[in-house]
Amino acid sequence: MEARVVPQDEESGLLPRRPSSAAPRFPPPPDVWATVDGPLGLPLEEAEGHARRFFLWGFACLPFLWAINCCYFWPILRSPAASSPATFAPIRPYIVRSAIGFTIFSLVLITWATTFIVGGERLFGPVWNDLVMYNVADKLGISGFMG
């Protein structure tokens, strides 16, 4: 029995067909996006307002909004200022300041926590008993239901 040779060309349907028109079906996506959501994220017109609100609300004792701002607008924060598109120019200061603010907040929080964890009673002396939270419940008499 002879092996049958099947022509592999466009006419036989074994190769993908080339599009008939030279224009692509969909417009090409932009090279960069302002948010991590890409094309599903905010339009550039709304992005500046959101970045500004997250930055300002971070000062209202909500510094984790600065972290969210940095994460959400990560493409802007990651790209160098010289090579980022001109459309990112009004958004970039809010994102960079949010990153600086969250870094300072994190350092202060870690320093404060480390001071209490490492120092403890040796560092604070007899005042330590007034500072720790488990003694506050005993002082207020609300620990009786615990056992």
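Under the 4.5 Å side-chain heavy-atom criterion for Ile, Leu, Val, Met, Phe, Trp and Tyr, W57 and I100 are members of distinct hydrophobic clusters. Note: the hydrophobic cluster containing F105 also contains L56 (ILVMFWY, side chain heavy atoms under 4.5 Å, direct or indirect links). Linking Ile, Leu, Val, Met, Phe, Trp and Tyr whenever their side-chain heavy atoms come within less than 4.5 Å leaves V96 and F54 in two separate clusters. I110 is not connected to F102 by any chain of hydrophobic side-chain contacts under 4.5 Å among Ile, Leu, Val, Met, Phe, Trp and Tyr, and they are in different clusters. Residue I117 is not grouped with residue W112 when hydrophobic side chains (ILVMFWY) are merged at heavy-atom distances under 4.5 angstrom, including chains of intermediate members.
Smallest separation of non-hydrogen atoms from P93 and P90: CD-O, 3.7 Å.
You'll find the side chain of I91 reaches within 4.5 Å of the side chain of L44, heavy atoms only.
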Anything under 3.5 Å between a donor and an acceptor, one on a side chain of residues 60-82, the other on a protein residue two or more places apart or in another chain? List them.
| unit_1 | atom_1 | unit_2 | atom_2 | d |
| --- | --- | --- | --- | --- |
| W66 | NE1 | F55 | O | 2.9 |
| N69 | ND2 | A51 | O | 3.2 |
| N69 | ND2 | S98 | OG | 2.9 |
| Y72 | OH | D37 | OD2 | 3.1 |
| S79 | OG | P75 | O | 3.3 |
| S79 | OG | I76 | O | 3.3 |

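To the nearest 0.5 angstrom, R97 atom CZ is 9.0 Å from F59 atom CZ. Here the CD atom belonging to E48 is positioned 10.5 Å from the CZ atom belonging to R53, to the nearest 0.5 angstrom.
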